[in-house]
Amino acid sequence: PQAREFARVLADAGRHGLTPADYHYSCIRDWLAYFRRGGIAQDPVGGRALAGFDIVMTDAFITFAYHLAGGKVDPETIDPQWVAPKRALEVLEALTALETHGSVDHLLAALTPAHSDYRRLVAAAEDLRRIVDAGGWPGLNPGRTLRRDDAGYEVIKLRERLAISGDLRDRGRREIEFDAVLAGAVARFQRRHGLEPDGVVGRATLRALNVSAEQRLRQLLLNLERWRWIPHDLGRRYILVNAADFSLVAVEEGALRLAMRVIVGEAYQKTPVFSRKMRYLEINPYWNVPHSITVAEYLPKIRRDPGYLAANHFQLLADWRPDSAVIDPLGVDWGAVSAERFPGRLRQLPGPWNALGRIKFMFPNPFNVYLHDTPGRSLFSRRQRALSHGCIRLEKPLELAAFVLEGTPGWDFAAIRAAVDGGLRQTVRPLKGCTVHLLSLIHI
């Protein structure tokens, strides 16, 4: 009975974006059919057949369980900035537990990511697979913008496209016209795809609409694999940054405590994926400018105007030691300075002008990435917010500081605000534990 149950589970492996053939499915199916016909009773080497079947089943179970629990692919072979947790999976223990527990499906379900988003992705993929099997959705003319009061065949196709994907729930009375109902459906589609929800089908919205159902299904299945790469237990208290939808949430005991918009790394300087413990906060921090940013962005400005540094609250320091001497930039021949021979390093002083804002959150990591405030508040109104050098800029830094420092004596929200306003640079270590997870996942 367990073998037959496992065969049924393998037949349904596609629900998780996995391929039954990778786990000897056809071989197992044929062998079970052979046993069902009574073949083993007539086989003079029946014991050997059972032993072979047991080896194949065991290999299939262990491989499938590992893929289901931790992913089929090692993400670091694809992206060195995706650091997956190296965890010991209790697959062999699960296999042993079959002797007493009995339910293959239950044991494998326990190894599957327990996150609600994973389950929603599985359900969304099933819905999308039905759409694919029914022929998908129609494409639209990529060269034509559609808006309110337009009419014609392209509007009819737009209605059909949005009805199939579930964005248009009421087709309206006159299907040939682009009415308010259709504009609302377009805005709903735009919000789901990170676009400006203006209800107008322009170039970017057309591109998103014309991604085929097959391509969308592949994206969902690939994101199931990404979910299997991340820690199954995010912790009792954690901060989760999802770079894919420019969001941050703070969670404690499964309850959402805080949500905000964030700015993440640009395409060529992506925010890496990893998990680390929050160690300390810096209030009114310095910004120690990385050398790459110094020579690429600031050196041309300094060459044009050596007074740029003082006007923008930068210091030129001799080296990277904590007690490094300050150099007068007006005494440097900037015309002779090159990227390879920059005289020291730059540091921006604390204050409202500082690129890190008034507070930063440190969870030491090999990428030198952290969370921080920003003086550029207007950028949070953009839908696409991949604008940084890799660090994460926060919409609500003081609120996040209050969450991190909750339970730390003397550090309620009012105290944090007073410390920021006081301008004094200081470091605070939280009393409660908190894990930071930087991820990049489609959110359903």
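Just so it is clear, the values below take in all heavy atoms, side chains as well, and ignore hydrogens, waters and symmetry mates.
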J.: Taking all atoms of both residues into account, what is the closest heavy-atom pair of L221 and G14, and its distance?
T.: CD2-O, 4.1 Å
J.: Would you compute the distance between atom CG of N354 and atom CH2 of W287 and round it to the nearest 0.5 angstrom?
T.: 8.0 Å
J.: Donor-acceptor pair, distance only, cut-off 3.5 Å: does the side chain of D127 make one with the backbone of I131?
T.: no
J.: Would you say V186 and L158 make side-chain contact, with heavy atoms under 4.5 Å?
T.: yes
J.: V201 pairs by side chain to side chain contact (heavy atoms under 4.5 Å, CB included) with which of L182, L206, D150, V155?
T.: L206
J.: Within the structure provided, determine whether L121 and N223 are in side-chain contact (heavy-atom separation under 4.5 Å).
T.: yes
J.: Minimum heavy-atom separation for I176 and I156, please, with both atom names.
T.: CA-CG1, 4.0 Å
J.: So, for F363 and Y370, is the gap between ring centers shorter than 6.0 Å?
T.: no
J.: Provide the closest heavy-atom pair for R393 versus L379 in the form atom of the first, atom of the second, distance.
T.: NH1-CD1, 3.7 Å
J.: Does any N or O in the side chain of R15 come within less than 3.5 Å of the main-chain N or O of E126, such that one atom is a donor and the other an acceptor?
T.: no
J.: Measure the spacing between CZ of F380 and CD1 of I263 and express it to the nearest 0.5 Å.
T.: 4.0 Å
J.: What I want to find out is whether E196 reaches R382 closely enough, with some N-O distance under 4.0 Å, to be called a salt bridge.
T.: no
J.: Is there a donor-acceptor pair under 3.5 Å between the side chain of E225 and the backbone N or O of L222?
T.: no
J.: Any Lys/Arg nitrogen of R159 or D179 sitting under 4.0 Å from an Asp/Glu carboxylate oxygen of the other?
T.: yes
J.: With sequence neighbours excluded, give me every salt bridge (charged side-chain N to carboxylate O under 4.0 Å, His left out) pair touching residues 285-296.
T.: none
J.: Scan side-chain atoms only and decide if E5 and H106 contain a donor-acceptor pair under the 3.5 Å cut-off.
T.: no
J.: Does anything in residues 263-277 form a salt bridge (charged side-chain N to carboxylate O under 4.0 Å, His left out)? List the pairs, not counting sequence neighbours.
T.: D79-K270
J.: Taking the side chain as every heavy atom from C-beta outward, state whether H372 and C391 have any atom pair closer than 4.5 Å.
T.: yes
J.: Test ring pair (Phe, Tyr, Trp, His ring centres under 6.0 Å) on F361 and Y280 and set out the steps.
T.: CA-CA 6 Å; F361 301 77; Y280 62 94; over 10 Å; no
J.: So, does Q81 use its side chain to make a donor-acceptor pair with the main chain of P272 at under 3.5 Å?
T.: no
J.: Hydrogens and angles aside, do D105 and S103 bring a side-chain donor and acceptor to less than 3.5 Å of each other?
T.: no
J.: Between CD of E399 and CD1 of I416, what distance do you get to the nearest 0.5 Å?
T.: 9.5 Å
J.: For a quick test of reading the model, state the closest non-hydrogen atom pair linking F64 to A13 and the distance between them.
T.: CE1-CB, 3.8 Å
J.: Do T58 and D54 have side chains that approach each other closer than 4.5 Å (heavy atoms only, starting at C-beta)?
T.: yes
J.: Can you measure from CG (L441) to CD1 (I230) and round to the nearest 0.5 angstrom?
T.: 5.5 Å
J.: Looking at every heavy atom in both P20 and Y25, which two are closest together, and how far apart are they?
T.: O-CB, 3.3 Å
J.: Distance from I293 atom CD1 to N288 atom CG, nearest 0.5 Å?
T.: 11.5 Å
J.: Does R347 make a cation-pi contact with Y286 (under 6.0 Å, within 45 degrees of the axis)?
T.: yes
J.: Show your working on side-chain hydrogen bond (donor to acceptor under 3.5 Å, both in side chains) between E93 and T96 and close with a plain yes or no.
T.: CA-CA 5 Å; E93 289 85 344; T96 305; over 6 Å; no
J.: Between Y118 and W227 (judged by ring centroids, cut-off 6.0 Å), do the two rings come close enough to count as a pair?
T.: no
J.: If you draw the axis of the six-membered ring of F403, does the NZ or CZ of R237 fall within 45° of it and under 6.0 Å from the ring centre?
T.: yes
J.: If you count every heavy atom of other residues, nucleotides or ligands that lies below 6.0 Å from R218 atom CZ, does the total exceed 12?
T.: no
J.: How about V273 and L438: do any of their side-chain heavy atoms sit closer than 4.5 Å?
T.: no
J.: Report yes if the distance between the aromatic ring centroids of Y23 and F61 is under 6.0 Å, otherwise no.
T.: no
J.: Show the numbers, then the answer: is there a side chain to side chain contact (heavy atoms under 4.5 Å, CB included) between T294 and L299?
T.: CA-CA 6 Å; T294 295; L299 181 55; 5.7 Å; no
J.: Are any of the side-chain heavy atoms of D74 and W229 separated by less than 4.5 Å?
T.: no
J.: Considering only NZ, NE, NH1 and NH2 on the basic side and carboxylate oxygens on the acidic side, decide whether E154 and K157 come within less than 4.0 Å.
T.: yes
J.: L111 and A65: which non-hydrogen atoms are nearest, and at how many Å?
T.: CD1-CB, 3.7 Å
J.: Is there a side chain to side chain contact (heavy atoms under 4.5 Å, CB included) between I239 and T435? Walk through the geometry before answering.
T.: CA-CA 6 Å; I239 295 165; T435 304; over 6 Å; no
J.: Ignoring hydrogens and angles, state whether a donor on the side chain of Q190 or D198 is under 3.5 Å from an acceptor on the partner side chain.
T.: yes
J.: Please report, to 0.1 Å, the donor-acceptor pairs under 3.5 Å made by any side chain of residues 136-149, with sequence neighbours excluded.
T.:
residue : atom : partner : partner atom : Å
W137    : NE1  : V211    : O            : 3.0
N141    : OD1  : G143    : N            : 3.0

J.: Which distance, rounded to the nearest 0.5 Å, do you find between the CD of E76 and the CD1 of I78?
T.: 10.5 Å
J.: Less than 4.0 Å between a side-chain N and a carboxylate O, is that true for R192 and D167?
T.: yes
J.: I'd like to check D373 versus L356 (side-chain heavy atoms, cut-off strictly below 4.5 Å). Are they in contact?
T.: no
J.: For the residue pair Y238 and H437, categorise the inter-ring angle as parallel (less than 30°), tilted (30 to 60°) or perpendicular (more than 60°).
T.: perpendicular
J.: Heavy-atom count around R425 CZ within 6.0 Å, excluding the residue itself: above 12?
T.: yes
J.: Taking atom types as modelled, find out whether S165 and R161 have a side-chain donor-acceptor pair closer than 3.5 angstrom.
T.: yes
J.: Less than 4.0 angstrom from a charged side-chain N to a carboxylate O is my criterion; do E395 and R261 meet it?
T.: yes
J.: Starting from the C-alpha separation in whole Å, work towards a yes-or-no answer on side chain to side chain contact (heavy atoms under 4.5 Å, CB included) for R226 and W82.
T.: CA-CA 10 Å; R226 287 183 167 201; W82 190 305; 3.9 Å; yes
J.: Step by step, work out the side chain to side chain contact (heavy atoms under 4.5 Å, CB included) result for T271 and V241.
T.: CA-CA 10 Å; T271 296; V241 176; 5.7 Å; no
J.: Quick check: does any side chain N or O of R383 sit under 3.5 Å from a backbone N or O of L195, one acting as donor and the other as acceptor?
T.: yes
J.: Counting N and O atoms only, with roles assigned by atom type, does the side chain of H291 sit under 3.5 Å from a partner on the main chain of A339, one being a donor and the other an acceptor?
T.: yes
